[in-house]
Amino acid sequence: MKRIKELLQTEERDIEIELKGWIRTKRDSKDLIFLEINDGSTLKGLQIILDKKLISEEIQHDLGTGASVSVSGILVDSPAKGQSVELQGKSLILLGNAPAMDYPLQKKKHSFEFLREIAHLRPRTNTFGALARVRNALSFAIHQFFQQRGFLYIHTPIITGSDAEGAGQMFQVTTLDINAPARDSNGKVNYNEDFFGKKAHLTVSGQLQAENYACALGNVYTFGPTFRAENSKTTRHLAEFWMVEPEMAFCDLDGDQDMADDFINYLLNYILKHCPEDLEFFNQWILKGTMENLQSVAETPFERISYTQAMKALEKAPFDFQFKPHWGCDLQTEHERYLTEQWIKGPVIVSDYPREIKAFYMKQNEDGKTVRAMDVLVPRLGEIIGGSQREEDLDKLKLRMNQMDLDTQEYNWYLDLRRYGTVPHAGFGLGFERLIQYVTGLQNIRDVIPFPRAVGTIKF
Ligand code: 4AD
Ligand code: MG
């Protein structure tokens, strides 16, 4: 069985073909039926022409949008505009009908809100088919980028006993009976009785474990699901998302920024080369100009500025922000958008953020105020990458953890990297769904992952 993607590219004609897929549209003339079939291999469908005499009236009636069919016929040049080939059907088997009365995907434009309610059927639309192919291609490109550079793919754990970001936005994992948990003599929940013998959570990042492997093997990366119980109903946050985290030994913040820049450029070039049709679709229907924009970004190195420079630019902005920026505050989305969309007019890497708004593990600068952090910001979305050089000095790291009320005993295994053969090292995390939003122009992060999990949303 050949797939439509192949058939649209082949030079062969008058060959016998068997095709299986789903009907997108059906048209009738007096003697003929025209079906457009999509099989998911590509955006375009293939037109099938069938003589009505070949098919019983009952089956003809069932050949509507959404029905699945198997067709045999001859591949011929198409006289119709906009398609190279079509199939002259010789026989058709109806595999499954989709009664028009209740099949939710009719041939009209559906809203994204509606499609989210039927996320189990939305992959049958052009948008979600294209999206699945783009996600697939970029996942492969991520592995290819790191593999070509000798990075090892490390499987970091999903269930964890420590909070990597120290931000306390974790989902708890337990087998205790939540209505009657085991309690100690003080009446507190007794986690000794829980599955792992201590409190456990879903991971917010694979970084700490990736650091362990980088500090033995050199360059590593992890690419897996990540969980955050952030109670934010934004178009950029999911409770379950995928993150790519490279970690590099003998690397400082400059090297980290170089790697992030190369990485994004590589991914953009890859997707432009491998999914041009799908990107053209997004360019036409979702966000005009995306393709041109990706092309220009893919060729240019990112601008780099410090947080302090960014703050100065924000303070001079010709209008008031909702949240007034001041040195020491975290960059809000409106700030990030101003910097990328109006000031730099493109992606930018912002580095050396105030220590107080960043995680405990970041390397401290000499100034005693900032850390060796960097975020990659892009127009429309703001942050897509967050990274840093890590503090490799045991005493400085312990001091910082104490200041932040973190239990150093719990992180002993992490501190051992600084006790034995410590080396400068750095890494970053790319939010995979934010990358997909950037590439496709889709506005809502719930529309770039097959089955979104967010506050109040866990259907399917
Ligand atoms: O900036 P973050 O929190 O960095 C880390 O987790 C580091 N441990 C990474 C590292 O250095 N290895 O998250 C990294 C990226 C963000 O820039 C963003 O793109 C994405 O992860 N992200 C989210 N994406 C979707 N939904 C959420 N709730 C996200 N939170 C972060
Ligand atoms: Mg961040």
Side-chain angles (χ1 to χ4, degrees), residues 134 137-138 140-142 144-146 148-149 151 221 236 244 246 248 251-280 282-284 286-314 316-317 331 333-353 372-389 426-443 448:
V134 166
L138 282 171
F140 183 77
I142 284 165
Q144 187 159 286
F145 175 85
F146 289 121
Q148 282 174 351
R149 284 159 186 77
F151 283 59
Y221 69 105
R236 312 177 315 129
V244 191
M248 297 156 287
C251 181
D252 62 10
L253 191 68
D254 286 337
D256 202 31
Q257 299 185 63
D258 292 344
M259 186 56 72
D261 195 346
D262 287 352
F263 183 45
I264 298 291
N265 285 344
Y266 180 91
L267 296 180
L268 298 187
N269 280 308
Y270 185 95
I271 202 69
L272 283 162
K273 183 161 172 222
H274 289 86
C275 292
E277 227 177 52
D278 292 321
L279 289 189
E280 188 47 62
F282 290 117
N283 192 47
Q284 187 177 350
I286 304 295
L287 187 68
K288 297 236 167 0
T290 23
M291 224 154 146
E292 208 182 314
N293 178 41
L294 294 180
Q295 262 147 2
S296 86
V297 171
E299 285 162 10
T300 10
F302 296 161
E303 295 274 343
R304 297 183 192 187
I305 58 172
S306 70
Y307 169 90
T308 302
Q309 285 171 310
M311 244 337 120
K312 285 193 182 129
L314 290 172
K316 279 195 228 138
L331 293 183
T333 305
E334 54 174 337
H335 304 150
E336 296 177 341
R337 292 193 60 171
Y338 173 76
L339 292 173
T340 52
E341 290 167 22
Q342 303 194 36
W343 195 52
I344 302 278
K345 296 194 167 62
V348 58
I349 311 185
V350 179
S351 66
D352 301 285
Y353 283 77
R372 308 242 71 198
M374 65 102 179
D375 282 359
V376 178
L377 315 180
V378 298
R380 286 190 285 114
L381 296 168
E383 177 188 343
I384 62 166
I385 283 182
S388 63
Q389 185 172 339
F428 62 80
L430 165 71
F432 187 59
E433 281 71 28
R434 299 239 179 121
L435 172 74
I436 305 289
Q437 279 186 283
Y438 184 57
V439 164
T440 59
L442 282 163
Q443 274 212 339
V448 298

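It should be emphasised that the depicted structure is a prediction, and the values quoted were computed from it without experimental measurement.
- Atom CG in D278 sits 8.0 Å away from atom CD1 in I271 (nearest 0.5 Å).
- A donor-acceptor contact closer than 3.5 angstrom links the side chains of D261 and N265.
- No donor-acceptor pair under 3.5 Å is formed between the side chain of Q389 and the backbone N or O of A373.
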Run F145 and F151 through ring pair (Phe, Tyr, Trp, His ring centres under 6.0 Å) and show every step you take. CA-CA 9 Å; F145 175 85; F151 283 59; 7.3 Å; no

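- When atom types are taken as modelled, the side chain of E336 and the backbone of G382 share no donor-acceptor pair closer than 3.5 angstrom.
- Although no hydrogens or angles enter the test, the distance criterion places a donor-acceptor pair under 3.5 Å between the side chain of D252 and the main chain of D254.
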Check against side chain to side chain contact (heavy atoms under 4.5 Å, CB included), L331 and L314: CA-CA 10 Å; L331 293 183; L314 290 172; 3.7 Å; yes

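- In this structure the side chain of F302 never reaches within 4.5 angstrom of the side chain of I344, judged on heavy atoms.
- Within the model, atoms CD of E433 and CG of L442 stand 12.0 Å from one another, a figure rounded to the nearest 0.5 Å.
- Contact between L267 and A141 at its shortest, heavy atoms only, is CD2-CB, 3.7 Å.
- In this structure, H274 contributes its side chain and Y270 its backbone to a donor-acceptor pair below 3.5 Å.
- With rounding to the nearest 0.5 Å, the separation of CE in M259 from SG in C251 is 7.0 Å.
- Residues Q295 and L272 have side chains in contact (heavy-atom distance under 4.5 Å, counting atoms from C-beta outward).
- R380 contributes a side-chain N or O that, together with a main-chain N or O of Y438, makes up a donor-acceptor pair within less than 3.5 Å.
- For the pair N283 (side chain) and M291 (backbone), a donor-acceptor distance under 3.5 Å is present.
- Within the model, atoms CD of Q257 and OG of S351 stand 5.0 Å from one another, a figure rounded to the nearest 0.5 Å.
- Taking a 6.0 Å sphere around CD of E341, one finds it holds more than 12 heavy atoms contributed by other residues, nucleotides or ligands.
- Residues L430 and I264 meet the side-chain proximity criterion, which asks for heavy atoms closer than 4.5 Å.
- Closest approach of Q309 and I305 over heavy atoms only: OE1-CA, 3.4 Å.
- Taking CG of L279 as the start and CG of L268 as the end, the distance is 9.5 Å to the nearest 0.5 Å.
- Expressed to the nearest 0.5 Å, how far CD1 of I349 lies from CZ of F428 amounts to 9.0 Å.
- Defined by atom type and a distance below 3.5 Å, a donor-acceptor pair is present between the side-chain atoms of R236 and T333.
- Minimum interatomic distance between L339 and A313 (heavy atoms only, all atoms of both residues): CD2-CB, 4.2 Å.
- Nearest heavy-atom pair across P276 and K273 is CD-O, 3.6 Å.
- Between D375 and Y307 there is no side-chain heavy-atom pair separated by less than 4.5 Å.
- Taking all atoms of both residues into account, the shortest heavy-atom contact from I286 to G441 is CG2-O, 3.4 Å.
- Within a 6.0 Å sphere centred on CD of E292, other residues, nucleotides and ligands contribute 12 heavy atoms or fewer.
- Every salt bridge (charged side-chain N to carboxylate O under 4.0 Å, His left out) that R372 has, sequence neighbours left out, goes to D352.
- Under a 3.5 Å cut-off, the side chain of R434 and the backbone N or O of E383 do form a donor-acceptor pair.
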Set out, in order, the CA-CA distance, both residues' side-chain angles and the distance that settles side chain to side chain contact (heavy atoms under 4.5 Å, CB included) for I142 and F432, then state yes or no. CA-CA 10 Å; I142 284 165; F432 187 59; 3.6 Å; yes

Might you work through the side chain to side chain contact (heavy atoms under 4.5 Å, CB included) test for V350 and M374, ending with a clear yes or no? CA-CA 5 Å; V350 179; M374 65 102 179; over 6 Å; no

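- Inter-residue side-chain proximity for V134 and V439 is flagged as met; some heavy-atom pair is nearer than 4.5 Å.
- Here the closest heavy-atom approach between residue V297 and residue P347 is recorded as CG1-CG, 3.8 Å.
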Start with the C-alpha gap between Q144 and Y266, add the side-chain angles, then the distance that decides, and say whether side chain to side chain donor-acceptor pair (under 3.5 Å) holds. CA-CA 10 Å; Q144 187 159 286; Y266 180 91; 3.0 Å; yes

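- Side chain of K312 to backbone of T308: no donor-acceptor contact under 3.5 angstrom is found.
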